[in-house]
2 protein chains.
Amino acid sequence: MRLTTKGRFAVTAMIDVAMHGANGPVTLAAVSERQRISLSYLEQLFGKLRRSGIVASVRGPGGGYHLARAAAQLSVAQIIVAVDEPIDATQCGGLENCHDDRRCMTHDLWAGLNNHIFSFLSGVTLAQLVAQQEQAAIRAALHDARPAPAGTTPCKVPVTAAV
Amino acid sequence: MRLTTKGRFAVTAMIDVAMHGANGPVTLAAVSERQRISLSYLEQLFGKLRRSGIVASVRGPGGGYHLARAAAQLSVAQIIVAVDEPIDATQCGGLENCHDDRRCMTHDLWAGLNNHIFSFLSGVTLAQLVAQQEQAAIRAALHDARPAPAGTTPCKVPVTAAV
DNA sequence: GTTTAGTTGACTAATTTGTTCGGGTATACA
DNA sequence: TGTATACCCGAACAAATTAGTCAACTAAAC
């Protein structure tokens, strides 16, 4: 289980699809514009998401992507695994160059940690993230009750974001 | 909080130091040989670990690295943060190019997930990993009671390792 | 003073990330 | 039947990151 910006893009895009999918399929062009992710990159990501059965596509005009399952049935772990392909398998997967025990120590160790992180992210559903996001939007609307001039909202990134 | 092989190398090396640190400092050369990590790469990683106050160094003959605190006081999160520098801060940290709300949506979202993962990994101590590793070694020793020919132990990587 | 081992920095190859381009194909709609 | 929409696919690419190498230096033990 890797955790890179690639997976974040995928999750972000999936949240966007989940939030805008009420009235039919969501186009990647719309996601691209809203989330500022290059269209082609989205195409690559959604190709994987589709092949993983996480989203389904509708071609032609009025087409786009929609969730293949309910948002409550889709976990962050599934999304990340779909786009952040495994590769590696920790350097000796099926290879025979794994002779000394030490090597295996690393593997077992990380397999364990992987399991922990994976099961944690498996417990976080898209539905939860969407709900969290919608609440945040409501809070923001209430807080900035006065009509703020467009394009001036400061971006408050919690300190921990840099972690 | 990124989660890459770099962090894994660091944690693996730290476990090695923790397990072999009973009789004085552990040299990177020894870690390099046992864990099959390039010496120079370890030097880079331990440079960061030292500057983060996670390990302390002893120079000269008989020198090496030892934990700066008890293994029970060192979390996986600390190690990973030390070597996997933050960079990014999710693309707009202090920058002013964060105008539309959507951008901030991503940030808040990931800050939240970061917090979750971070606090989870903060709860995993080096001492726990060492204990887990020692138990595994004991199990392996009991299981492979017969004297296995050197260099033939198969490397069993759990399926989930590929995740 | 010689050896050990940390310390630093520069430099490199390989991989990953994110993007751009250039073409396809399926479908709704006129 | 045509045309616009939007999914699909692959190649090529710059930038960043990862992992490793090399070389020179400093502190300490013996």
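Just so it is clear: chains get the letters A, B, ... in the order the sequence lines come, proteins before strands, and each one is counted from 1. In this text the structure is predicted, and so the values were computed from the model without any measurement.
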What integer distance in Å separates [X]:[atom1] from [N]:[atom2]?
| X | N | atom1 | atom2 | result |
| --- | --- | --- | --- | --- |
| B:His66 | C:dG6 | NE2 | C1' | 12 Å |
| B:Lys6 | C:dT16 | NZ | P | 15 Å |
| B:Leu28 | C:dT8 | CG | C1' | 14 Å |
| B:Phe9 | C:dT15 | CZ | P | 14 Å |
| B:Leu39 | C:dG9 | CG | C1' | 15 Å |

Do any pairs count as a salt bridge (Lys or Arg N to Asp or Glu O under 4.0 Å) and have a residue in residues 57-71 of chain B, sequence neighbours left out, and if so which ones?
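For residues 57-71 of chain B: none.
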
Give the nucleotide from the list C:dA5, C:dT20, D:dT18 with an atom nearest to the side chain of B:Thr27.
C:dA5

Of all pairs that satisfy ring pair (Phe, Tyr, Trp, His ring centres under 6.0 Å), the ones with a partner from residues 23-43 of chain B, not counting sequence neighbours:
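Every pair satisfying ring pair (Phe, Tyr, Trp, His ring centres under 6.0 Å) with a residue in residues 23-43 of chain B: B:Phe9-B:Tyr41.
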
Between the protein and nucleotides 13-15 of chain D, list the N/O to N/O atom pairs that are separated by less than 3.5 angstrom.
none

Report all side-chain donor-acceptor pairs from residues 45-52 of chain A shorter than 3.5 Å, counting only partners two or more places apart or in another chain.
unit_1: A:Lys48; atom_1: NZ; unit_2: A:Val83; atom_2: O; d: 3.4
unit_1: A:Lys48; atom_1: NZ; unit_2: A:Glu85; atom_2: OE1; d: 2.8
unit_1: A:Lys48; atom_1: NZ; unit_2: A:Glu85; atom_2: OE2; d: 3.4
unit_1: A:Ser52; atom_1: OG; unit_2: A:Lys48; atom_2: O; d: 3.0

For DNA chain D, the residues among residues 40-48 of chain B that have a non-hydrogen atom under 4.0 Å from it
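Hits under 4.0 Å, by residue number: B:Ser40, B:Tyr41, B:Gln44.
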
Mind checking B:Val55 for me? I need base, sugar-phosphate or nothing, with any heavy atom below 4.0 Å counting as a touch.
nothing

Can you build the contact string for nucleotides 24-30 of chain D? Use B for base contact, S for sugar-phosphate-only contact, and - for no protein heavy atom under 4.0 Å.
--BBBS-

Respond yes when some side-chain nitrogen or oxygen of A:Arg50 is under 4.0 Å from OP1 or OP2 of D:dC9, and no when none is.
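Result: yes.
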
